[in-house]
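Please read the structure below before turning to the comments.
Residue indices begin at 1 and follow the sequence shown. Note that the structure is a prediction, hence the values are computed from the model and not measured.
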Amino acid sequence: SDDWSFLIKLHGLAESAVATKLLEILRRPELAKPLRKLNMRTLLSFADAVGAVTGTSKKFLESLGELRNTLVHDIAKTSFRLSEWAGGPHGASRLATLMGPDASLVAIAPTPIDKYRFVLWARAISVLAELQGATAAHSAAFRAHVDAEVARRASIEAELTQQALQEMLAEDSGEVE
């Protein structure tokens, strides 16, 4: 089992998905190159600020990023195994941090599939679905903001128009204030 590659690829997929979602939400294609150079933690700060991820997903992705960093910066970690890592002295707390509410699924994961990979993949799919939904939610919130601003400006415009009309009527009738 090559858990090392699996985790690095999973992190890469998630990081790319977050960057892509931010570009979609911001509607600023010129930011693609600089945005793709940001690390996961920075991307998550932006994603959190625009409401593209929940706190649970943010914690998962931060934990995945920390584990990924541990793996890629030490050549000795290429033989990393999730089962050994999870079974170590701090295994339960590590799993709880990384897998969040889905940690309990490890016990019931299908046996032909590595149970740790299964749960991590399920968490990642959940985050990807959340990111996809963020467009609709963000778009709806954005449209609501635009509608409120239009309504606010319309009332200001109506007041200004009313004032201008009253001034014109006053001038026509000789009642200048």
**Prompt:** Step by step, would you call Glu24 with Lys21 a salt bridge (Lys or Arg N to Asp or Glu O under 4.0 Å)?
**Reply:** CA-CA 5 Å; Glu24 191 176 310; Lys21 182 50 61 180; 3.0 Å; yes
[X] vs [Y] side-chain heavy atoms within contact, under 4.5 Å:
{"X": "Lys77", "Y": "Asp74", "value": "yes"}
{"X": "Thr54", "Y": "Val127", "value": "no"}
{"X": "Lys58", "Y": "Val53", "value": "yes"}
{"X": "Leu7", "Y": "Leu120", "value": "yes"}

Might you point out which heavy atoms bring [X] and [Y] nearest each other, and give the distance in Å?
{"X": "Ala14", "Y": "Leu61", "answer": "CB-CD2, 3.6 Å"}
{"X": "Ala47", "Y": "Val18", "answer": "CB-CG1, 4.0 Å"}
{"X": "Leu128", "Y": "Ala17", "answer": "CD2-CB, 3.3 Å"}
{"X": "Leu10", "Y": "Ala124", "answer": "CD1-CB, 3.4 Å"}
{"X": "Ala52", "Y": "Leu131", "answer": "O-CD2, 3.7 Å"}

Test item: [X] side-chain N/O and [Y] main-chain N/O as donor-acceptor pair under 3.5 Å:
{"X": "Arg123", "Y": "Met99", "result": "yes"}
{"X": "Ser63", "Y": "Lys59", "result": "yes"}
{"X": "Ser126", "Y": "Ala122", "result": "no"}

[X] atom [atom1], over 12 foreign heavy atoms within 6.0 Å:
{"X": "Arg36", "atom1": "CZ", "value": "yes"}
{"X": "Phe46", "atom1": "CZ", "value": "no"}
{"X": "Ile75", "atom1": "CD1", "value": "no"}

**Request:** Just jot down the side-chain hydrogen bond (donor to acceptor under 3.5 Å, both in side chains) partners of Glu66, sequence neighbours excluded, or say none.
**Result:** Arg41
**Prompt:** Does Glu15 have any side-chain hydrogen bond (donor to acceptor under 3.5 Å, both in side chains) partners at least two apart in sequence or in another chain, and if so, which?
**Reply:** none
Can you tell me how far the [atom1] atom of [X] sits from the [atom2] atom of [Y], to the nearest 0.5 Å?
{"X": "Phe60", "Y": "Glu130", "atom1": "CZ", "atom2": "CD", "value": "11.0 Å"}
{"X": "Leu82", "Y": "Leu98", "atom1": "CG", "atom2": "CG", "value": "8.0 Å"}
{"X": "Glu62", "Y": "Met40", "atom1": "CD", "atom2": "CE", "value": "9.5 Å"}
{"X": "Leu23", "Y": "Lys33", "atom1": "CG", "atom2": "NZ", "value": "14.0 Å"}
{"X": "Leu22", "Y": "Arg28", "atom1": "CG", "atom2": "CZ", "value": "13.0 Å"}
{"X": "His11", "Y": "Phe6", "atom1": "NE2", "atom2": "CZ", "value": "13.0 Å"}

**Asked** Just checking, is any N or O donor in the side chain of Asp48 or Ser45 under 3.5 Å from an acceptor N or O on the other one?
**Response** no
**Item:** Positive for side-chain contact (heavy atoms from CB on, under 4.5 Å) with Asp3, one of Phe80, Tyr116, Trp85
**Value:** Phe80
